[in-house]
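Okay, so here's the structure we're looking at.
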Amino acid sequence: MEIKAAVVYEQSGKFKIEQLQLSDPNDDEVLVRIAGAGICHTDLAARDQHLPIPLPSVFGHEGAGVVEKVGARVTKVQPGDHVALSWNSCGACTSCKAGKDPYCLNFLALNFSGARPDGTTTLRKGDQVIHGSFFCQSSFADFALANERNVVKVSKDVPLEILGPMGCGIQTGAGAVMNTLQASPGSSIAIFGVGTVGISAVLGAVVCGCTTIIAVDVHADRLKMAEELGATHTVNAGKEDPVKAVQDITGGGPNFSLECVGNPAVFRQAVDVLPLLGVCGLLGVVAPLTEVSLNMDLIMNGRTVRGIIEGDAIPDLFIPKLIELYTQGRFPFDRLIEFYPFDEINKAVEDMEKGRVIKPILRP
Ligand SMILES: [Zn+2]
Ligand SMILES: [Zn+2]
């Protein structure tokens, strides 16, 4: 079928809106008419080839929409259902069998190869192959092809166009606190970097009943937003030493810290700030082979450093929970969102890169 999609032709190039041809769904695939697609830093990392995905390619991995058509073997959803799209996992490897889908051994092939796992591609422009299947969706388009495994059926009572980021940034931040750290009521947490992931962690910390929630960032407007959404303290790391400031606030260090920036110096701060038995979760995405130096003696004394993918969430279980919290007014993630017409994707990206918007969502 003919679709409209945003194509990146060269490393760090602009997104170009093109008319493309999209394949029919295979037996286990689901065709989705996109209602909204969030832009995430991982899309830009792919554009800049920090993730080596073949170009030209269509990115976009925070899509939500209406099921248009399903493959012969699909039973989970049917045409007309509302779905949020997430990342794909194989369901068959040792990680998936253990219920640790975010650590699927086939994660790269299923989400970052630019094609289906069998190597076939889904997008063309005439005779030219355009790579897709990004996070098994490529949702910077008016239609996207997902797999039965990475569509999550959602309530029709919630505005569909805001739900895409649930599948990545939102569940990453909230899930780190709610699923991985399982922060207990009354505990303290310091969140380094309050973009989409960090603010979602703030929201998750509120849900968990953390009584000290410290947002650390260098952008005053983000700190203000974090405060409005439940941070009890803010630290401007551009103006004061964040390690000392957080230790002063907590009287020796928080139970938990999260690194949501993807910066070795910030990661070091998030570890250095911990007291005995404190846990630091690492969420920030960095280029492959990035190294960091840490104080071994400090970690020896009962501290934990834990890398976290996609908030340790099983999207089918976790996204409906977050939506329920949202409808109850206890998870107001929509405050992060600003809408852009699909044709203004380059402006949306620029606004995000300049820090003028936290979570842009494109509407076809
Ligand atoms: Zn797997
Ligand atoms: Zn993402």
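A quick note: this is a predicted structure, and the numbers were derived from the prediction, not measured. Both ligands and their constituent atoms are indexed starting at 1 by order of listing.
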Under 3.5 Å, is there a donor-acceptor pair between the side chain of Gln49 and the main chain of Ala46?
-> yes

Any donor and acceptor pair, going by atom type alone, linking the side chain of Ser188 with main-chain N or O of Thr212 inside 3.5 Å?
->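 The answer is no, because no donor-acceptor pair under 3.5 Å joins these two groups.
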
So what does the Cys168 SG - the Zn ion (ligand 2) - Cys40 SG angle come to, to 10°?
->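 Vertex the Zn ion (ligand 2), arms to SG of Cys168 and SG of Cys40: 140°.
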
Which value, rounded to 10°, describes the SG(Cys96)-the Zn ion (ligand 1)-SG(Cys104) angle?
-> 100°

Fit a plane to each ring of Phe112 and Phe134, take the angle between them on a 0 to 90° scale, and name the class: parallel (under 30°), tilted (30 to 60°) or perpendicular (over 60°).
->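 Tilted: the ring planes of Phe112 and Phe134 meet at 30° to 60°.
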
Geometric class of the Phe107/Trp87 ring pair [parallel <30°, tilted 30-60°, perpendicular >60°] =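 Aromatic pair Trp87/Phe107 classed tilted.
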
N, O or S atom of His41 closer to the Zn ion (ligand 2) than 2.8 Å |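 No, His41 does not qualify, because none of its backbone or side-chain N, O or S atoms lies under 2.8 Å.
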
